[in-house]
Structure formats: structure tokens, C-alpha cells
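Everything on this sheet refers to the single structure shown next.
Below, chain A is the first sequence line, B the second, and so on; all start at residue 1.
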Protein chains: 2
Amino acid sequence: MLAIGEFSRLTHLSVRTLRRYHDAGLLEPATVDQATGYRYYSPEQIPTAQVVHRLRELDVPLADVRRILRSPDPVTRAGLVADHLQRLESELARTRAAVASLRRLLAPEPSPVEVELRALPATTVAAVEDDVAHADVLAWYSGATAELEAVVDAPSGAPGGLYDNALFEHGRGHVLVHLPTDRPPRVGRVRPVTLPAVELAVATHVGEHGDIDVTYGELGAWVVANALAVAGPVRETYLVGPRDTPDPTAWRTEIGWPVFRVAAG
Amino acid sequence: MLAIGEFSRLTHLSVRTLRRYHDAGLLEPATVDQATGYRYYSPEQIPTAQVVHRLRELDVPLADVRRILRSPDPVTRAGLVADHLQRLESELARTRAAVASLRRLLAPEPSPVEVELRALPATTVAAVEDDVAHADVLAWYSGATAELEAVVDAPSGAPGGLYDNALFEHGRGHVLVHLPTDRPPRVGRVRPVTLPAVELAVATHVGEHGDIDVTYGELGAWVVANALAVAGPVRETYLVGPRDTPDPTAWRTEIGWPVFRVAAG
DNA sequence: GCTGGACCCTCCCCCCGGGGGAGGGTGCAC
DNA sequence: GTGCACCCTCCCCCGGGGGGAGGGTCCAGC
């Protein structure tokens with residue numbers, strides 16, 4: 001039996017941290033003296049402590065560490081660990097994108113964005129829609145478009161999406177992806193939806209989506225400068241995307257912001 | 001002039017976050033109405049907001065973001081950004097090491113570690129020592145050994161280190177690296193130091209240092225099982241290291257824990 | 001001019017995973 | 001039996017947000 005200080009020395013986890021892990025139900029001492037509250041660990045717990053240490057180095061949340069340790073089945077366990085490695089991987093991709101985008105932002109090129117005002121009539125499209133968290137948008141989007149493309153046989157234009165402002169302001173909001181077609185079917189999640197007529201301020205974003213808020217910003221500045229106000233969810237149209245070419249510099253995304261005239265300009 | 005909600009929509013930063021950035025002095029509104037406290041932003045601030053957004057995606061602390069934004073000189077600014085990318089890089093290396101180590105930990109191999117008790121006489125060595133934070137140990141170590149190796153011309157053995165337990169328990173502690181030699185010089189930070197005689201429980205760690213606490217743990221379990229207690233800083237000896245061969249599987253590190261007998265076993 | 005609703009303000013509490021330190025009880029070797 | 005290292009709980013702090021209360025403000029429509 002090892003007192004907490006000794007166990008700390010053997011595992012290179014601080015006494016504080018060991019106590020916290022006990023409270024969190026992660027690494028329960030083999031014995032706790034009822035009278036004094038002293039925690040006593042057994043040497044067999046050292047490997048467990050080391051696994052915890054590694055998982056924490058990988059920023060696995062304590063709750064997930066507990067889940068991993070409690071799963072008796074090594075296959076389940078390996079699956080949970082693999083999930084986290086997957087998460088780290090996508091985190092890394094996000095970081096890479098942010099680095100690239102930062103470089104472009106700090107590059108001295110001004111990259112003027114052209115904005116055009118366009119009146120759009122109401123259209124009926126095949127659509128999938130849902131309330132989605134910001135972090136899940138990408139995954140949701142790929143699932144929804146895959147379903148759309150599987151169901152719509154003769155699309156009459158490029159796919160698009162509508163994104164509620166709440167998605168960016170509150171991290172969660174209504175999202176709709178659609179594919180224009182003459183006869184929108186009603187299969188699985190796919191439904192015919194009529195998008196209302198709007199006046200759009202439209203700018204075209206060139207390149208990766210990691211930079212897209214730059215174009216959003218330019219579009220927004222233009223909208224403000226032209227005494228317009230934003231009304232309703234933003235509309236994106238994916239003219240050229242990863243489906244069409246692997247070369248990101250060829251990608252084209254139209255961003256359309258529904259606007260109305262503020263006062264009498 | 002844009003109210004905070006509108007600016008939020010244009011930058012995809014939440015209203016809350018914008019207020020926080022104001023408080024932190026990161027992104028001050030162009031105007032603040034003295035009477036009402038209302039924040040008003042100018043469209044020119046959109047690009048700044050986007051740079052902040054990118055930096056935060058890279059987990060750059062707010063204080064550093066402020067520093068980057070305030071540095072007028074683009075060269076300084078690029079340097080600060082590069083520093084952070086460097087930090088991300090080393091973070092990535094750490095993650096990779098943790099992943100590899102976790103895989104090995106979860107591998108079904110028991111990898112029995114052999115432990116031996118060894119009495120060591122007092123020795124005088126050439127040493128560099130200091131109080132170091134845990135996070136800085138690696139950097140400090142490479143600097144100190146480089147200095148040692150530059151100054152000691154005829155080492156009589158492998159380099160070693162002494163690591164205070166406080167380093168692991170409290171994140172900061174006394175560290176000493178040394179090179180055994182017949183005539184220890186007194187140059188720069190290098191000093192002759194006499195290491196006291198000790199009885200050591202010794203185990204040899206094979207492979208990368210990312211796993212070294214596993215061997216620490218096995219050594220500790222052995223020490224406990226043999227009714228010994230730990231006394232004083234751990235001693236590592238780098239028999240084969242990165243200086244000798246790039247192949248990590250060939251590396252050999254002796255870990256020696258000063259021990260004394262507990263009670264009459 | 002008034003009213004309603006959207007917008008904005010400050011302030012406090014919560015999350016995570018730790019660290020610092022106070023104030024007090026315990027184990028054990030001398 | 002005494003000193004001291006060790007252990008306990010409890011509270012506050014950090015950074016970078018989110019939730020929500022309670023209250024003031026802007027402005028369009030009537």
C-alpha cells in the first residue's frame with residue numbers, strides 16, 4: 001500500500017491531480033481510511049495511472065478517460081481510443097487550415113472582392129434541413145449532400161446551403177442544403193422546399209473554405225457601405241467544390257446575403 | 001458604425017466573445033457611447049477581427065494576440081506568429097509521442113523490467129545544475145549537455161542527470177546534468193560536483209523517453225515490493241542516446257532510484 | 001407621441017483541469 | 001512524547017468561453 005505522496009512520485013502525477021482523479025472516479029485508491037480519509041494506492045494501479053497520464057496528454061476529457069478505463073472489453077476500449085485519435089486528426093487538419101488562412105490574411109495582397117446585387121425569385125428545390133451545432137456542420141453537410149445526390153437524379157444547378165445567423169452567433173442554428181431540380185422527391189430526409197424570393201448581395205469566394213469568413217467580411221462591409229441591412233439566413237452556392245476538382249484554388253463559392261434597403265438612401 | 005450584433009454577424013464572433021475581447025483590450029470598438037455603454041464598431045475592424053479569430057483557432061492566448069496586434073512592425077509580428085507556429089509544432093511532436101506511447105502501453109506485451117540493487121561510491125563529476133520548470137527540462141537539458149560536452153575533453157563515462165522529485169510533484173525542481181571525468185573543469189556554468197554515495201535500485205529503460213515513466217513505474221513497484229523507500233533525487237544515466245544512434249529502439253537509459261531499507265525486513 | 005420588441009448593457013454563476021494556500025488532523029522515527 | 005513530514009478538506013485563482021437575470025435603449029409602426 002502506497003500513500004498518495006509515494007504514489008505521486010511513482011507515477012509523476014501530482015498529489016493534487018491524483019485527488020482530483022479520485023473525486024472524478026477515474027483512479028480510485030485501493031483503500032481509503034474511513035477515519036482519517038487517507039488514500040492508499042496499490043502498486044498494481046501504477047499502469048492504470050500511466051494510461052490516464054497518456055490520455056490526458058492527448059487532452060482526452062476526464063469523463064472519456066473514465067469511460068475508457070471502465071470499458072472491460074479491449075475492443076470497445078480500442079474503439080474509444082481510436083475515436084479520440086480521429087478527433088486529434090481532424091483537430092490537426094483544422095489547425096493546418098487556420099495556419100494557411102492566417103498566412104493569407106497577413107499576406108500583403110488586398111484581394112478586392114466584387115459584390116453584386118441580385119434579385120432572386122422563389123424557387124422550389126430538393127432539400128435536407130435540420131438544427132445543427134456549429135462544430136457538427138461539416139459532418140452534417142457531407143451526410144446531407146450525399147443523401148441529396150443519391151436521391152435527385154437530374155439536378156438543374158449547383159448545390160447550395162442556407163445558414164441561420166444563430167449558427168454563428170450562438171453556435172447552433174438551422175441549416176438547409178439543397179439541390180435545384182424540376183421534380184423534387186420526398187425520400188428519406190429529402191423534402192421539396194420552396195425558398196422565398198430575396199434580394200441578395202452576392203460575392204464569390206475563391207479557394208478553400210477555411211478563408212470564407214474573409215469574403216463574408218468584405219461582403220458585410222460592402223453591405224454596410226451601401227446602406228443595406230441583412231435579413232435572413234445567408235445563402236451559399238457551391239459552384240465549384242471538392243466534388244468537381246481536388247485543386248482548392250479552383251473552388252468557387254457564391255455567398256449571398258439577403259438584404260433590404262435601410263431608410264431612404 | 002455597426003452595433004455589436006451586426007458586427008457579430010459580419011465576423012462570426014459571438015456577441016459575448018466580442019465583449020470579452022473589448023474587456024481584454026484586444027479589439028476595442030471604434031466608439032463607445034458614454035451614456036449607454038453601447039459599443040460601435042467600424043467596418044475597417046472586420047479584418048482585424050478575422051485575424052483575431054484565426055489566432056484564437058490556433059489557441060494563441062488572448063494576451064499574445066494583443067501583443068501581435070499591437071506590434072506595429074510587420075517583421076516583429078511575423079516573428080511572434082512564427083513563434084506560435086513553432087509552439088504548435090512541438091505540441092504536435094508531443095502528441096505524436098503520447099500516441100505512440102499509448103499504443104505501446106495498451107499493447108499486450110508485459111515487458112518485464114529487470115531491477116538490480118547497486119551500491120555507488122561518491123564520485124566527482126563535471127556538472128551543470130539549476131532550478132528548472134518541468135516544461136523547460138528538455139530545452140535546458142540540451143543546452144547544459146552541449147556546454148558540458150564542449151568543455152570536458154575526456155569524459156570517463158556516459159552522461160547522467162539528477163532529477164529532484166519536486167520537478168514531477170510540483171512542476172519545478174532542481175536538475176543536474178553531469179559528465180564523469182578525471183579533472184572536472186570550472187568553465188561557464190560547468191562546475192565540479194561531488195555526488196554522494198548512494199544505494200540505487202537500477203532499471204534500464206529501452207527506447208524513446210516518451211515511455212520512460214513506464215519503467216519508472218515498474219522500478220517503483222519493485223522498490224515497494226522489496227520493502228525499500230525512495231530517498232533523494234532520481235539518477236538517470238544515458239548509456240545510449242540520440243547522440244549515439246538515431247534509432248530509438250537502440251537507446252538505453254539507466255534509471256537509478258536512491259533507496260534505503262524500511263524497518264527490518 | 002407612445003408602445004412593443006429587438007437590441008444592448010452589466011453582473012453573477014457555470015464549465016474544464018488544473019495550481020496555490022489556509023487551517024487542521026495523522027503517522028512515525030527519534 | 002515530540003517534532004515534522006505527510007495527509008485531509010475547503011476555498012480562490014487561471015483562461016476562454018457559455019447561460020441567464022435584471023434592467024436600460026433604439027426605433028419602426030401606429
Less than 4.0 angstrom between a side-chain N/O of B:Ser14 and OP1 or OP2 of D:dG17, yes or no?
no
D:dG20 P sits how many Å from A:Glu169 CD, rounded?
16 Å
Thinking salt bridges, do A:Asp59 and A:Arg87 make one under a 4.0 Å N-O criterion?
no
For B:Glu6 and D:dT25, give me the distance from atom CD to atom C1', rounded to whole Å.
16 Å
What integer distance in Å separates B:Ile4:CD1 from D:dG24:P?
20 Å
Answer whether the closest heavy-atom distance between the side chains of A:Trp222 and A:Trp257 falls below 4.5 Å.
no
When only distance counts, do a donor and an acceptor, one from the side chain of B:Tyr38 and one from the base of D:dG24, lie under 3.5 Å apart?
yes
Indicate, with a heavy-atom threshold strictly under 4.0 Å, whether B:Ala63 touches base, sugar-phosphate, or nothing.
nothing
Judged by nearest nucleotide, the residue sitting upstream toward the 5' end of DNA chain C, A:Tyr40 or B:Arg9, is B:Arg9
Atom CG of B:Asp64 and atom P of D:dG15 are separated, to the nearest Å, by 11 Å
With under 30° as parallel and over 60° as perpendicular, where do the rings of A:Tyr38 and A:Tyr40 fit, or are they tilted in between?
tilted
Within 6.0 Å of CG in B:Leu85, more than 12 heavy atoms from elsewhere
yes
Among the nucleotides D:dG18, C:dC8, D:dG16, whichever has the atom closest to the side chain of B:Pro61 is D:dG16
What integer distance in Å separates B:Asp33:CG from C:dC7:P?
18 Å
C:dG19 base / B:Arg172 side chain donor-acceptor hit below 3.5 Å
no
Separation of D:dG16 C1' from B:Leu55 CG (nearest whole Å)
15 Å
Which listed nucleotide (D:dC11, D:dG19, C:dT26) is nearest to the side chain of A:Arg16?
D:dC11
Write down the distance between CE (A:Met1) and P (C:dG27), rounded to a whole number of angstrom.
16 Å
Within the 4.0 Å heavy-atom criterion, would you say A:Arg56 contacts the bases, only the backbone, or no part of the nucleic acid?
sugar-phosphate
Side-chain-base donor-acceptor pair under 3.5 Å for B:Arg20 and D:dG17
yes
Can you tell which of D:dC8, D:dG17, C:dG20 lies closest to the side chain of B:Leu62?
D:dG17
Between CG of B:Asp23 and P of D:dG15 the distance, given in whole Å, is 13 Å
Would you say A:Arg19 reaches D:dC8's phosphate, i.e. side-chain N/O to OP1/OP2 under 4.0 Å?
yes
If only side-chain N and O atoms of A:Arg39 are considered, is one of them under 4.0 Å from the OP1 or OP2 phosphate oxygen of D:dC8?
yes
Charged N to carboxylate O below 4.0 Å: is that the case for A:Arg20 and A:Asp23?
no
Give a yes/no on whether any side-chain N or O of A:Thr17 is located under 4.0 angstrom from OP1 or OP2 of C:dG17.
no
Applying a 4.0 Å non-hydrogen cut-off, can you work out what A:Ala24 is touching in the nucleic acid: base, sugar-phosphate, or nothing?
nothing
Over 60° means perpendicular and under 30° means parallel, so classify the ring planes of A:Phe168 and B:His12, tilted if in between.
parallel
With a 4.0 Å limit, can you tell me whether A:Tyr21 has a side-chain N or O closer than that to the phosphate oxygens OP1/OP2 of C:dG18?
yes
